[in-house]
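Keep in mind that this is a model prediction, so the values were computed, not measured. Whatever order the structure lists them in is the order used to number ligands and atoms, beginning at 1.
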Amino acid sequence: MSEVTLYLGDCLDVMRGMADNSVEAVITDPPYGLDFRNKEWDAFIPMWIAEARRIAPIVMFTTAPTTLWDYPRPDWVNCWYREASNSRTAAGGFNHWSPVVIYGKIKFPVDSIKLHAIQHAYPKGFPHPSPKPVILMRWLIENGTDQGATVLDPFMGSGTTGVACVQTGRNFIGCEISEEYFRIAEKRIAQAAAQLHIPFAPMCESDGN
Ligand SMILES: C[S@@+](CC[C@H](N)C(=O)[O-])C[C@H]1O[C@@H](n2cnc3c(N)ncnc32)[C@H](O)[C@@H]1O
């Protein structure tokens, strides 16, 4: 049974309260900054990356081709997945390659990483503007961690990483700053647990303060 802990609040506050190497992996889909790029966001990037890398030996996250170079190098690798997307904010339309940034030692050879034609099968009107496919998050989780591991998603949005963790037998810690999205995540993760007949009891819910 997966343990699920959800925080409503700023992920930086939550991460600063976590011990070094306290989870096996940070797997996430941060805001890309495509439509709101500003100085605050530029300053925030190295802060959240530093916290994530302090907390976990493996950090993996999706980004956009144009924002890939925002992230500290040289010690990352990147792999690419091909996305067929109906996401409202998807840059490049319906069929494009998107990068995944990876820090840390992963189990698979990097040059073999190619994910093809992942469908964003979310219905029109899905209540989050940029959900990731569950299958993509499952793929990252299954290649980056073992069963029973704990995964942190600091930017959980509608909770896709949490759904993928429950489905693959990983524990999940999620943070989301928007109460609207937080509630959606809570519901989706509960539904994923119910489908597997797993009792769902989030360990804690706080505003991160
Ligand atoms: C790209 S979306 C993640 C979408 C998610 N992968 C899904 O499938 O629904 C990024 C999320 O990060 C949240 N966010 C932005 N800044 C945050 C912060 N400082 N702390 C926590 N969440 C934050 C946004 O509200 C947004 O829902």
State whether the shortest distance between N or O atoms of C11 and N or O atoms of ligand 1 falls below 3.5 angstrom.
yes
Report the part of M156 (side chain from C-beta onward, or backbone N, CA, C, O) that has a heavy atom under 4.0 Å from ligand 1; answer both or neither where that applies.
backbone
Quick note on ligand 1: atoms under 4.0 Å from a heavy atom of T160 include exactly 7 (C), 8 (O), 9 (O)
For the backbone of T145 and the side chain of R170, can you confirm whether one donor and one acceptor N or O come within less than 3.5 Å of each other?
yes
Any idea which atoms of ligand 1 are less than 4.0 Å away from a heavy-atom of D10?
18 (C), 19 (N), 20 (N)
Using a 4.0 Å heavy-atom threshold (strictly under), name the region of E176 that reaches ligand 1: side chain, backbone, both or neither.
both
Taking N or O atoms only and a 3.5 Å limit, does S158 qualify as a polar contact for ligand 1?
yes
Show the atoms of ligand 1 that are less than 4.0 angstrom away from any heavy atom in P131.
7 (C), 8 (O), 9 (O)
Measure across V163 and R188 and return the closest heavy-atom pair with its distance rounded to 0.1 Å.
CG2-O, 3.8 Å
So, N171 side chain and G148 main chain: donor-acceptor pair closer than 3.5 Å or not?
yes
Compute the centroid of each ring, for Y71 and then for F61, and state whether the two points are separated by less than 6.0 Å.
yes
Within the 4.0 Å heavy-atom cut-off, what A185 brings close to ligand 1 is neither
Polar-atom distance check: R188 versus ligand 1, any N or O pair below 3.5 Å?
no
CD (Q147) and CD (E142) are apart, to the nearest 0.5 Å, by 8.0 Å
Identify, by atom number and element, the atoms of ligand 1 in contact range of S130, meaning under 4.0 Å from any of its heavy atoms.
1 (C), 2 (S), 4 (C)
R54 (side chain) donor-acceptor with M18 (main chain) under 3.5 angstrom
yes
Hydrophobic cluster membership, I177 vs M156, 4.5 Å side-chain cutoff
no
Of all the atoms in ligand 1, which lie at a distance below 4.0 Å from a heavy atom belonging to G9?
20 (N), 21 (C)
Per-residue contact class, F44 against ligand 1 - non-hydrogen pairs under 4.0 Å:
side chain
Any nitrogen or oxygen of I177 lying under 3.5 Å from a nitrogen or oxygen in ligand 1? Just yes or no.
yes
Which class fits the ring pair Y181 and H128: parallel under 30°, tilted 30 to 60°, perpendicular over 60°?
tilted
For D10 and L12, which heavy atoms make the closest approach, and how far apart are they?
OD1-N, 2.9 Å
Smallest separation among heavy atoms of V166 and S2, with atom names
CA-OG, 3.6 Å
Closest heavy-atom approach to atom 17 (C) of ligand 1 among Y181, Y7, F155 is made by F155
Just which atoms of ligand 1 are under 4.0 Å from any heavy atom in P154?
21 (C), 22 (N)
